[in-house]
Amino acid sequence: MTHSFSNLSLAEPLARAVAELGYESMTPIQEQAIPVVLQGKDVMGAAQTGTGKTAAFALPLLQRMLKHENSSTSPARHPVRALVLLPTRELADQVAQAIKAYAKYTNLRAAVVFGGMDMKPQTLELKKGVEVLVATPGRLLDHIEAKNAVLNQVEYVVLDEADRMLDIGFLPDLQRILSYLPKQRITLLFSATFSPEIKRLANSYLQDPVTIEVARSNATASTVEQHFYSVNPDDKRRALHQVLRQRGIKQAFVFVNSKLGCARLARSLEREGLKTTALHGDKSQDERLKALESFKSGEVDLLVCTDVAARGLDIKDVPAVFNFDVPFNAEDYVHRIGRTGRAGASGLAVSFAGGGNDVRLVADIEKLIKTKIELEPLEFEEDTPKIRDQGRINDGRRAWRDAGETGDPRDVLDAPPARAPRPQRTSHAPRDPFFDQPYQAPANDAAPAWEAAARSPGSRSISANIKPKRKVAALFKS
DNA sequence: AAAAAAC
């Protein structure tokens with residue numbers, strides 16, 4: 001059979017691990033990407049989630065690392081040869097576990113570093129030497145700065161969820177990390193969604209790349225049944241109860257647009273008798289792992305979450321995804337509903353469109369996935385409990401009003417206080433030239449020049465660079 | 001608009 005892993009002539013230790021994991025036939029992305037990566041080409045890979053992307057890049061990389069010894073004469077005995085970057089901690093953990101399983105019978109070592117955890121164990125592991133390093137950007141920069149991780153011999157870089165890694169929130173950190181790597185290297189980019197702008201940007205990081213598009217990019221899995229219900233924002237919780245019951249849904253992701261809304265919704269649903277946990281970025285890493293674990297084990301039925309859980313998380317048999325809020329970005333819709341209907345299973349995606357911009361957001365989604373969306377009315381049944389919000393459940397401002405005696409909204413939440421805003425890095429070199437421009441205090445109280453620039457026509461392309469500079473200015477002033 | 005990512 002041509003589609004079988006056994007036809008790949010993988011090195012024996014890899015073949016053994018693959019067999020042990022029960023992998024037999026390759027998925028389309030694996031079939032297309034593995035030979036290309038084996039040849040040492042740069043790749044831009046667009047594939048739906050749940051199609052085996054991790055194995056598609058990790059197996060050929062490990063194979064090459066086994067075949068081609070590190071030719072460097074550096075004293076480092078175990079330099080990092082492959083670097084895999086991801087946008088969330090949970091994803092980094094998940095991908096690292098997969099790679100460790102593939103590399104189990106080789107002498108190649110893999111490690112993962114991400115924030116929210118003690119530095120020390122990670123440092124120890126790095127000092128012992130690892131060939132494959134999986135990381136989130138912030139913590140990796142810390143390790144680079146502390147000289148725990150030396151990346152000057154990296155041969156392979158993988159950006160998973162590449163479109164997120166290249167977006168404005170991550171780009172500065174990403175650029176710094178890339179500046180520590182040898183120019184001569186193999187770069188692989190993977191994501192389910194690629195906007196045209198991101199595609200252009202991505203291409204500037206690739207040399208003569210091979211584009212692999214398994215399904216049309218931005219496509220949703222055909223196995224996922226999608227519904228959009230028109231619901232008064234105050235009735236969304238009631239609608240959720242009803243759909244869960246009507247369809248007999250056992251377990252679901254429930255996506256909410258804000259951390260505050262997430263914590264509040266989870267608490268409400270819990271009170272209403274549903275076994276629920278919340279997952280968002282203001283929880284401690286320990287709580288985040290516990291939340292995910294309790295969902296995986298079936299201890300809870302509903303995982304109410306922000307977009308921290310939108311991408312890549314591979315949990316078997318999630319029957320349904322709810323968009324309690326329509327996501328702000330159409331791309332996130334594709335990623336969110338990709339949590340269900342994985343690996344050919346059937347799935348259900350139910351979105352509630354209510355107030356605000358929802359009509360426009362739904363139109364954006366329609367355009368992106370190139371599928372007509374019907375907004376369906378939702379008739380409430382008599383025996384659905386009459387739950388009604390006094391205000392929008394996901395309106396953060398309301399939580400402040402409800403904050404109880406102390407006036408602190410955290411009193412009504414299970415979330416720990418939010419992290420302080422991240423100060424700008426100052427010591428990582430080399431730096432983005434834009435950040436190196438000394439801050440010019442505006443004369444008297446006139447608006448700084450960049451404000452006018454940001455408003456002037458044609459400045460759209462640089463406005464993204466302008467915002468961080470303002471923060472730098474704020475730091476200098478205080 | 002929001003979320004994510006560091007001590």
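Proteins come first, then strands; the chains are lettered A, B, ... in the order of their sequence lines, and each starts at number 1. Everything numeric in this text was worked out from a predicted model, so none of it was measured.
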Note: A/Arg238-A/Asp235 ion pair, threshold 4.0 Å (strictly below): no
Pairing of A/Arg81 and A/Glu155 as salt bridge, 4.0 angstrom limit: yes
Residue list, salt bridge (Lys or Arg N to Asp or Glu O under 4.0 Å) with A/Glu299, at least two apart or on another chain: none
Salt bridge (Lys or Arg N to Asp or Glu O under 4.0 Å) involving A/Asp160 - partner list, sequence neighbours excluded: none
Once you round it to whole Å, what is the distance between [atom2] of [N] and [atom1] of [X]?
X        : N     : atom1 : atom2 : result
A/Glu90  : B/dA5 : CD    : P     : 7 Å
A/Leu174 : B/dA6 : CG    : C1'   : 16 Å
A/Arg288 : B/dA5 : CZ    : P     : 4 Å
A/Arg336 : B/dA2 : CZ    : C1'   : 10 Å
A/Arg311 : B/dA4 : CZ    : P     : 13 Å

For residues 126-165 of chain A, the ring-ring contact (aromatic ring centres under 6.0 Å, His included) pairs (sequence neighbours left out) are none
Minimum-distance nucleotide (side-chain atoms of [X] versus [options]):
X        : options             : result
A/Asn357 : B/dA2, B/dA1, B/dA6 : B/dA1
A/Asp167 : B/dA3, B/dA6, B/dA2 : B/dA3
A/Thr88  : B/dA6, B/dA1, B/dA4 : B/dA4
A/Thr136 : B/dA6, B/dA4, B/dA1 : B/dA6
A/Asn329 : B/dA2, B/dA3, B/dA6 : B/dA2

Paired and unpaired positions of DNA chain B as dot-bracket, Watson-Crick or G-U wobble under 3.5 Å, | denoting a partner strand: .......
Within the 4.0 Å heavy-atom criterion, would you say A/Gly115 contacts the bases, only the backbone, or no part of the nucleic acid? sugar-phosphate
Phosphate-side-chain proximity, [X] and [N], N/O vs OP1/OP2 below 4.0 Å:
X        : N     : value
A/Arg360 : B/dA1 : no
A/Thr306 : B/dA4 : yes
A/Arg89  : B/dA5 : yes

Just jot down the side-chain contact (heavy atoms from CB on, under 4.5 Å) partners of A/Gln207, sequence neighbours excluded, or say none. A/Asp42
A/Ser351: side-chain contact (heavy atoms from CB on, under 4.5 Å) partners, not counting sequence neighbours: A/Phe228, A/Asn323, A/Tyr333
Any donor-acceptor pair, under 3.5 Å, between the side chain of A/Asn257 and the base of B/dA1, if you only look at N and O atoms? no
